[in-house]
Amino acid sequence: MTPTDYLAATLLVAGALFFLAGTVGLLRFPDVYTRLHALTKADNVGLGLMVTGLALQAESWAVVGKLLLIWWLVLLAGASVSYLIASGALRRGIRPWRR
Amino acid sequence: MNTAVPYALVGVGLFALGFYALIVHAHLLRKILALNVMGSGVFLLLVALARRSGVALPDVVPQAMVITGIVVAISATALALTLMLRLAAASGRAELPDGRED
Amino acid sequence: MQTLYLTLALFLLLNLGAGMWRVLRGPSAADRMLAAQLFGTTAVAMLLLLAQASGNAALRDVALLFALLAAVTAVAFVRRAWPETEQVTDDDPN
Amino acid sequence: MATLTLLQSAFDILLGAALLWLAWRALNCPDLFKAIVLFVAFGLLMALAWVRLEAPDVALAEAAIGAGLTGALLMAALARLRAMTPDEEDSAKRLPLRWLPLAALLLVATGLSYVVLTLPPEAAGLGAEVATHLNSSGVDNPVTAVLLNFRGYDTLLEMVVLLLALLGVWSLGGPPLRRKAAPGPVLDTLARLLAPLLILVAAYLLWVGGHAPGGAFQAGSVLAAAAVLLLLAGWRLPVALTALPLRLTLVAGPGIFVALAVGTLLLEGQLLQYPPAQAGVLILLLEAVATLSIGVTLAALFLGGHPQNDNNDQNNKEQR
């Protein structure tokens with residue numbers, strides 16, 4: 001294992017932990033808005049860390065480009081869809097959670 | 001025992017699950033889902049069985065057939081959904097008459 | 001590294017299984033859709049890991065398709081299938 | 001190495017169990033919307049199963065169709081159904097002899113599993129045959145070679161099936177559901193960004209299909225996804241294009257296939273037997289036209305009724 005490998009492994013594991021955080025948020029948070037918040041942020045960061053880790057191991061720049069494109073697409077879709085769901089939920093009168 | 005055999009068994013399971021749901025559920029949308037699950041089971045069985053030897057040259061003919069099958073399945077699903085909607089528009093219910101209520 | 005890739009892929013699959021609970025539980029349609037969205041992102045990560053583990057570059061194309069198409073089902077939900085009046089009250093005992 | 005095998009087996013078993021469980025829940029939970037979401041998740045996991053079975057071509061098709069189009073199709077149908085029948089919940093009537101099909105199917109599943117487990121370990125397939133003739137097929141991807149050269153008649157008939165399904169839908173479907181609500185800036189931007197990318201990826205899949213996983217079906221499905229996204233964002237075809245140009249695009253795929261079949265039958269003496277020197281070009285041409293037809297047909301299937309009914313009174317876009 002080279003230093004790059006160690007760095008990549010650290011990034012991958014960190015990414016996986018963010019995914020775990022996202023899932024815990026999805027299961028434990030009290031309403032749809034907080035769950036949206038947990039999912040979109042944690043998962044997109046998790047995927048970003050994983051993409052960075054995999055990019056360090058990639059065999060060519062084309063692969064790095066594809067990995068970044070995939071991440072960007074997930075960010076775009078995640079951001080737009082979470083906006084659509086949140087505004088739709090508000091319009092339908094689902095009240096945000098208050099302590 | 002290699003990768004392929006468990007998936008072939010899952011294919012068998014999916015087929016049986018889908019068939020059961022196709023028989024017991026009255027709602028047509030559920031029947032359409034059941035048909036799709038059955039189809040997925042058959043596809044899985046086809047590809048998994050072709051791959052079970054695990055040799056260097058996997059048989060690609062079943063794979064090609066499954067790709068065709070997936071596209072045919074979605075077009076058949078679209079037609080079935082339209083038929084269901086038509087029936088619902090005509091009778092007010094998305095179920096087949098079962099003869100017991102007449 | 002191979003072991004790490006596969007371990008992480010397995011971990012993500014378990015994660016996905018846990019997220020399934022939210023699809024079943026709801027309570028609102030939006031919650032179910034949201035969880036399905038999580039599946040898409042997780043599947044992308046899993047595919048990228050498997051691509052690196054197996055050296056099969058085509059799996060990145062599968063991940064690319066997932067990333068592109070994740071939005072289509074969700075948009076279909078928001079624009080078509082989401083009823084204007086949500087009957088379920090969103091109160092979670094947690 | 002032992003750890004690797006163990007991890008892979010664990011992955012396979014978990015994935016298989018998840019597939020069976022998802023199918024069970026999707027088919028038996030009372031709420032139809034939940035069933036659809038579970039079915040979409042099922043399609044997603046199916047793509048992973050294809051990956052594990054080393055069938056990336058199938059995984060691409062499943063990803064495009066299972067994860068994208070099927071979900072959109074089912075959601076749109078459910079919305080129309082709800083508009084017609086308010087009590088859409090599946091009552092799951094108690095059949096008097098519910099256990100009878102269960103027992104029969106358990107028997108069938110056991111028998112099938114027994115057959116699967118006792119099959120000889122070596123599959124007597126056509127893998128070697130395909131590999132031998134791959135050089136003369138004009139492409140390097142064996143799946144594309146089978147789909148468009150060795151068994152081109154499958155694909156020809158498949159295009160006809162697609163067209164027939166669309167004819168069925170057009171002759172049955174009422175006017176499609178119309179949402180008057182404006183798509184809003186976010187959805188509009190998303191569609192404007194994603195649709196060109198989807199078209200680009202479709203072209204990439206079409207090109208890459210010659211030597212790596214990809215091809216006309218996958219590309220066509222991605223093209224259809226682009227169209228579906230635009231339709232959902234409120235875009236409609238200009239009225240001028242809904243009559244003849246649309247119909248021509250729809251029949252172009254089967255049409256060029258039939259023309260080529262007749263041509264090869266007359267010149268080479270056999271159906272869809274391309275001269276090896278031109279095979280590569282012919283397949284690419286065929287695939288390009290087929291992609292366009294598949295994409296437009298699938299999108300039209302999503303839209304439901306004939307597009308002319310839909311926008312008699314509209315221009316390029318839905319009223320905002």
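Throughout, protein chains are lettered first and strands after them, A, B, ... in sequence-line order, and every chain is numbered starting at 1.
A side-chain contact (heavy atoms from CB on, under 4.5 Å) with D31(C) holds for exactly one of L26(A), V32(A), D31(A); it is V32(A).
When the heavy atoms of residues 12-19 of chain A are compared with those of chain C, the residues falling under 4.5 Å are L12(A), V13(A), A16(A), F19(A), listed by number. By a heavy-atom distance cut of under 4.5 Å, Y5(C), L8(C), F11(C), L12(C) are the residues of residues 5-13 of chain C near chain A, going up by number.
Closest approach of T23(A) to G19(C), counting heavy atoms only: CG2-N, 4.0 Å. Residues L34(C) and L39(A) approach most closely at O-CD1, 3.4 Å, considering heavy atoms.
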Acceptor/donor pairs from residues 55-74 of chain C side chains to any protein atom, 3.5 angstrom cut, sequence neighbours excluded:
residue: N56(C); atom: OD1; partner: A58(C); partner atom: N; Å: 3.2
residue: R60(C); atom: NH2; partner: Q52(C); partner atom: OE1; Å: 3.2
residue: D61(C); atom: OD1; partner: K66(A); partner atom: NZ; Å: 2.6
residue: D61(C); atom: OD1; partner: Y204(D); partner atom: OH; Å: 3.2
residue: D61(C); atom: OD2; partner: Y204(D); partner atom: OH; Å: 3.0
residue: T73(C); atom: OG1; partner: A67(D); partner atom: O; Å: 2.8

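Neither the backbone nor the side chain of L16(C) comes within contact range of chain A, judged by heavy atoms closer than 4.5 Å.
To the nearest 0.5 Å, atoms CZ (R22(C)) and CZ (F29(A)) are separated by 11.0 Å. For the atom pair CD1 of I85(A) and CD of Q37(C), the computed distance is 6.5 Å after rounding to the nearest 0.5 Å. Within the model, atoms CZ of R35(A) and CG of L38(C) stand 12.5 Å from one another, a figure rounded to the nearest 0.5 Å. Here the CG atom belonging to N15(C) is positioned 5.5 Å from the CG atom belonging to L20(A), to the nearest 0.5 angstrom.
Side chain to side chain, T41(C) and D43(A) fail the donor-acceptor criterion of an N or O pair below 3.5 Å.
Comparing V63(A), L76(A), D5(A), T40(A) by heavy-atom pairs within less than 4.5 Å of chain C, the highest count is held by V63(A). Between chain C and the residues V24(A), V51(A), L47(A), the most heavy-atom pairs under 4.5 angstrom are made by L47(A).
Listed by chain and number, the residues in a side chain to side chain contact (heavy atoms under 4.5 Å, CB included) with A55(A) are V64(A), L67(A) (sequence neighbours excluded).
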